[in-house]
Number of protein chains: 2
Amino acid sequence: MELDETDRAILRILQEDARTPFSEIARRIDMSSATVHDRVGRLEDAGVIQGYHAKVDPRKVGYGTSALVGLRVEQGREENALERLREIDGVKEVHLTTGEWDVMLRVYAEDTDALRDLMFDEIAEMEGFARSQTMVILGTDFEDPSLPV
Amino acid sequence: MELDETDRAILRILQEDARTPFSEIARRIDMSSATVHDRVGRLEDAGVIQGYHAKVDPRKVGYGTSALVGLRVEQGREENALERLREIDGVKEVHLTTGEWDVMLRVYAEDTDALRDLMFDEIAEMEGFARSQTMVILGTDFEDPSLPV
DNA sequence: GTTGAAAAAATATTGAG
DNA sequence: CTCAATATTTTTTCAAC
């Protein structure tokens, strides 16, 4: 799908605030709200917009600790490992990477005790696990929900 | 702020789809939409809900490459480095971490050439830069926008 | 805290340029 | 692709329990 400047303007607004009324988007990009409606529908259908999500403060819902985890997986066991990782509560992202680690995880836990349990009881016990390194996130300086479009 | 099961149910729904009409949330949790409206407002005011964001497919807007970057910063230069990182286009997350790296970045770039430029021309040139390691993300197996609440 | 009902506003749809 | 007008739905407010 080809995106023009109007589409990009709409994407910028919806990335910033997904509940901006179409009427206000229309005002801001100087088009009718019917056009905005039409374009947003097409952006959704084309998969450019993958969804709309409320961002919840992890601390306020009991997740005081977050970490990035590098993972080495035994050769030939990759599929089993990935399948298992998807099911583990607290594992929020699973990326396949080049370099020192085969897989990088983003995990959330209640506190450092819970993180230890997650690492020792769940991740280190899974099929195909070789070794891991945990980088505890002491703080997030910057986290932009928007991509520059 | 104390969250009860009703709040959690609302959060689950809005994390999944931030544009679910209050009337439908009300149906699903068996309350009036006025109550949902009231609760969502309180969750926003308390900072539990930090915002609503459209999720855009990076590939569809020209970001074919993503990476996790581990960064070492010279002692005493941390603030300068963090300030600079915030301004660099393509740097989407900046986390302070324990372990091998002081800072972990999540970056997006058009392609591997653009990633090289980002690393060599922007990040390696910034004040306080000591060394870095780039973990190119070959694929994301799993990425859940929701926290289990 | 919750509700139902009314008022205000937004979204979805239609038909036509 | 865009628009104006209309129909439908939702959000918002508020008096009352």
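Excluded from the calculations below are hydrogen atoms, water molecules and symmetry mates; all remaining heavy atoms, backbone and side chain alike, are included. In this text, all values refer to a predicted model and were calculated from it rather than measured experimentally. In what follows, chains are A, B, ... by sequence order, proteins preceding strands, each numbered from 1.
- B:R42 comes within 4.0 angstrom of sugar-phosphate atoms only, judged by non-hydrogen atoms across all strands, and of no base.
- Here C:dT11 presents its P atom at 15 Å from CG of A:D38, a figure rounded to the nearest Å.
- Proximity of B:D7 to B:V48: side-chain heavy atoms (C-beta onward) are nowhere separated by under 4.5 Å.
- The pair A:R12-A:E5 meets the salt-bridge criterion, with a side-chain N (NZ, NE, NH1 or NH2) lying under 4.0 Å from an Asp/Glu carboxylate O.
- Ion pairing of A:R72 with A:D102 is present here, as a side-chain N (NZ or NE/NH1/NH2) and a carboxylate O approach within less than 4.0 Å.
- Taking atom NE2 of B:H37 as the reference point, atom P of C:dA7 lies 18 Å away to the nearest angstrom.
- The closest side-chain heavy-atom distance from A:R106 to B:M104 is not below 4.5 Å.
- Rounded to whole Å, atom C1' of C:dG4 lies 16 Å from atom CZ of B:R27.
- Close approach of DNA chain D to chain A, defined as any atom under 4.0 Å from a non-hydrogen atom of the protein, starts and stops at D:dC1 to D:dA4.
- Among the protein residues, B:T35 comes within range of the nucleic acid bases, having at least one heavy atom under 4.0 Å from a base atom.
- In this structure, B:M119 and B:S132 approach most closely via the heavy-atom pair CE-OG, 3.7 Å.
- In this structure, A:R19 and A:M31 both approach DNA chain D, and ranking their closest nucleotides by distance from the 5' end singles out A:M31.
- Counting to the nearest Å, the C1' atom of C:dG1 and the CD atom of B:E5 are 17 Å from each other.
- For the pair B:R84 and B:M126, the tightest heavy-atom approach, listed with the atom from each and the gap, is CG-CB, 3.8 Å.
- Across the protein-nucleic acid pair, A:R39 atom CZ and C:dT11 atom P stand 17 Å apart, rounded to whole Å.
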